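As a basis for the values below, the full set of heavy atoms in this structure was taken, side chains included, without hydrogen atoms, waters or symmetry mates. In what follows, chains carry the letters A, B, and so on, assigned in the order in which the sequence lines appear, proteins first and then strands, with residues in each chain numbered from 1. Everything numeric here is computed off the predicted structure, so don't read it as measured data.
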Amino acid sequence: MAELAQVIVDVPTLQTNRPYTYQVPPKLEHQIQVGMRVIVPFGKGKRSVQGFVVGLDQPADFQGTLKQITALMDLVPVVNSEMMQLSHWLADKTYSFWISCLYTMLPNMLKAKSKRIVKLVQPLAPEDQAIFGQQNVLDYSLVQNQASIVSRLLTLKRAGKVQFEYQVQDRARVKTVAQIQPVLTVDEYKQLRSKTRANATAQRKMLDYLQSIVGQQVLISQAQKTTHLSSANFRQAEDKGWISMQQIEQYRQPFGAELTDPAAKDPLYLNLDQQRALASVKQSIDNRQSTVFLLQGVTGSGKTEVYLQAMAHALQQGKTALLMVPEISLTPQIAERVRARFSSQVAVLHSGLSAGERYDEWRRIERGEAQVVVGARSAVFAPLKNIGIIIMDEEHETSYKQDDAPRYHSREVAKWRAKYHHAPLLLGSATPSLESYSRALAGNYQLLQLPHRVNKRPLPPIKIVDMRPEVQRRGESNFSTALLTALQERLTKHEQSILMLNRRGFSSFIMCRDCGFVLKCPNCDISLTMHLDTHTMRCHYCGHEEPIPQRCPQCHGRHIRYYGTGTEKATKELQALLPTARILRMDVDTTRRKGMHEKLLQKFGSGQADILLGTQMIAKGLDFPNVTLVGVLNADTGLDLPDFRASERSFDLLSQVSGRAGRADKKGQVIVQTFNPDNYVIRLVQAHDYRKFFNTEMQIRQLASYPPYYYTIRLMGSHEDEQVAAKMMYDIRQELGKQLASDTMILGPTPRAIARLKKRYYYQIVIKYRQDPQLHSLLTKIMQEAQNKYQRGAELAIDPDPQYFL
DNA sequence: AGCACGCCGACT
DNA sequence: GTCGGCGTGCTC
């Protein structure tokens, strides 16, 4: 029995970021529960919105008549008690709206679509009736861009001739399939058959078939396949009372072909290091300790097998297990291994799933039908109960941080959940983030190490090729003589090669050689990227698109030059240099279509190509035994980005990609081309010396007061008017300055590197602090005040622990 | 977000 | 004198 309900409504603004109290209609009093979705009236007019029940029967301090809940959208709560607490914590921690956090944790299908409709209440003049056509309701979204119609409708509304209403439509759809069941006996079917005419072939076929399946239930799709009868035939059979038909629920199957390798089911033999690591984790599972482990293992050291066996142990204890990977489509092989080991117990969650597939996987987890979850960032919210272990593979990956609101880091959420479930959290990486490694050294995390490769081979030797003399000698090229020779050798030996073109943060833009003009996005002030496949210039931020100019738009000269080389150009060049090589290109353009990633990798894995040339998406997780050569075409890109983590990222990337070579019993080799052969990052990658890189980088971070020595927070203010954005941020800086700890630093405000994005101007402040107990509440206050204090249209966003300062 | 109220300029 | 512009405030 609940008479009052506290509801968080789907209106993501600062002003509405708190529970509203509603009356529960008597007939819902026994059904309503915390965590259910509801439809409630909100605001003036006939507006109604979706909301979440976050509390029941708390007294309302609201002076006025409470409104009633219109309807419940769920029979059982979609947010359980753990998730409710988590969402609240998350909203506070990331300075975001509670409603946004709730939605982030749930599959998209549970976000209802709200539709505005216009209803006719009085007869209209013919010219107005034309807007409605034959209907007396109108979908407002169809006309909302046509100003003349909108203003006419508003006039009619004032005259009381039409009404605006809202419909909240739940999009959660369960997929059903039809199933048939014979309802007569074999004899009855025989009898019926004898009565049909000789030329009623379909009916006869049907009756023969039905006889054969008496006592069974068959999917209609299956029945159609066996009989070649149409669904209409079966509907007729139902009408005649020959069969009964039911709709049964079916999960959408996100996986393609069934697994091929039965051997993958068995656990592999563990070497001593692996055994030691596993034992520590197992102990922690058994003792219900939420220890954080950092498993550092060089590429090829068998981290995945440790994960799998730790998960198996949790399952044996009747618990569940969560494995997070940076992005499944980039690392399909690990997801496959988990599925091979745990088969139908596994649910996979990642961005490549359709909304329906995602919803179904979510329900399988929620209902306890899947006990193992593999997924990318948002899988950390998988509704698993009784978690025994959480594992985060490649914990240093930046994709674990979401860069729009709510700006959470999966690692932090994972820690929260591990604590909640008294389960260990296992962070794994070959190149841990400096944050995690320093915590491990300080004893906050328990460090586990796998220093050797499973195949006992040394890490592949890395040869550094100085591109400066190379270019002087042979002119501009993506390929040094050394690399070409090595590639040619692989071709002869029928071994494979992987080539990486590091393009992070840079793309091919065009520049006029006469006047220096660079084509930029009219909305965002950043240079447009050339896409040869569609013959357009595109803005990667807002999606703006325009044709490739033939002449310089500024000076009309013809000397337009293409800067930067894409994978496309490199592939062409390489094909010309090695005409017999079969080259696969892998980048955002060739993998845009669903499933292309897997397809390309499959093609390469099965030996249908000699060389895989791609962007950094090929650096991670790939495990192809026949690959013996890895080449990095341009190691420099990314080294000099104006970003304090640039070196760390480059070290990770180069180490990762190097690890792709020589994973089985063949010896591997790595060739790194660079214009900065003496750069410490490149030298230490060559030496395979993470520890030394860590020490070097830590000194730099300490000198500059960057993480992990200092925490950082970024505040971003934006407005259509640059002056307003700037003013707001200067005001905020003033306010911050008054109340912060003495060793806290405030940088800025400065215009952001991309100062204008989607027609708005951005200014940012970066705060660096070590210990500042006041800061969180101060920022929360600033965020809350921002709504009224500054000009309308001003927006403030806070990013705790930003990955980029750009 | 989106809706109404309310105060100013341009019109029948 | 009214119609309709958008700046302001509020939503249980």
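- Counting any heavy atom pair closer than 4.0 Å across all strands shown, A:Lys157 reaches sugar-phosphate atoms only and no base atom.
- Ring-centre distance between A:His776 and A:Tyr95: below the 6.0 Å cut-off.
- Under the 6.0 Å distance and 45° angle rule, A:Lys157 counts as a cation-pi partner of A:Phe164.
- In this structure, the NZ atom of A:Lys115 is 16 Å from the P atom of B:dG2, given to the nearest Å.
- At a threshold of 4.0 angstrom between heavy atoms, the contacts of A:Tyr140 with the nucleic acid are absent.
- Atom pair A:Ile8:CD1 and C:dC12:P shows a separation of 14 Å (rounding to whole Å applied).
- Close to C:dT11, at under 4.0 Å from its OP1 or OP2, lies no side-chain N or O of A:Lys44.
- Whole-Å rounding puts the A:Leu153 CG to B:dC3 P distance at 13 Å.
- Between A:Tyr408 and A:Phe381, the two ring planes are perpendicular [angle over 60°; tilted spans 30° to 60°].
- Residues from residues 10-32 of chain A that place a heavy atom under 4.0 Å from any atom of DNA chain C, listed by number: A:Gln15, A:Thr16, A:Arg18, A:Tyr20, A:Thr21, A:Tyr22.
- Across every non-hydrogen atom of A:Glu720 and A:Tyr761, the tightest pair is O-CD1, 3.3 Å.
- Here the P atom of nucleotide B:dA4 and the NZ atom of A:Lys46 are 12 Å apart, to the nearest Å.
- Between A:Gln50 atom CD and C:dT11 atom P there is a gap of 22 Å when expressed in whole angstrom units.
- Note: A:Phe42 and A:Tyr20 have perpendicular aromatic rings, judged against thresholds of 30 and 60 degrees for the angle between ring planes.
- For the pair A:Lys111 NZ and B:dA1 C1', the computed distance is 11 Å after rounding to whole Å.
- Within the structure, every side-chain polar atom (N or O) of A:Arg47 is placed at least 4.0 Å from both OP1 and OP2 of B:dA4.
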Inset, instruction - Determine, step by step, whether A:Tyr103 and A:Asn108 satisfy the side-chain hydrogen bond (donor to acceptor under 3.5 Å, both in side chains) criterion, reporting the C-alpha distance in whole Å, the side-chain angles of both residues, the deciding distance to 0.1 Å, and the verdict. - result: CA-CA 7 Å; A:Tyr103 280 134; A:Asn108 265 281; over 6 Å; no
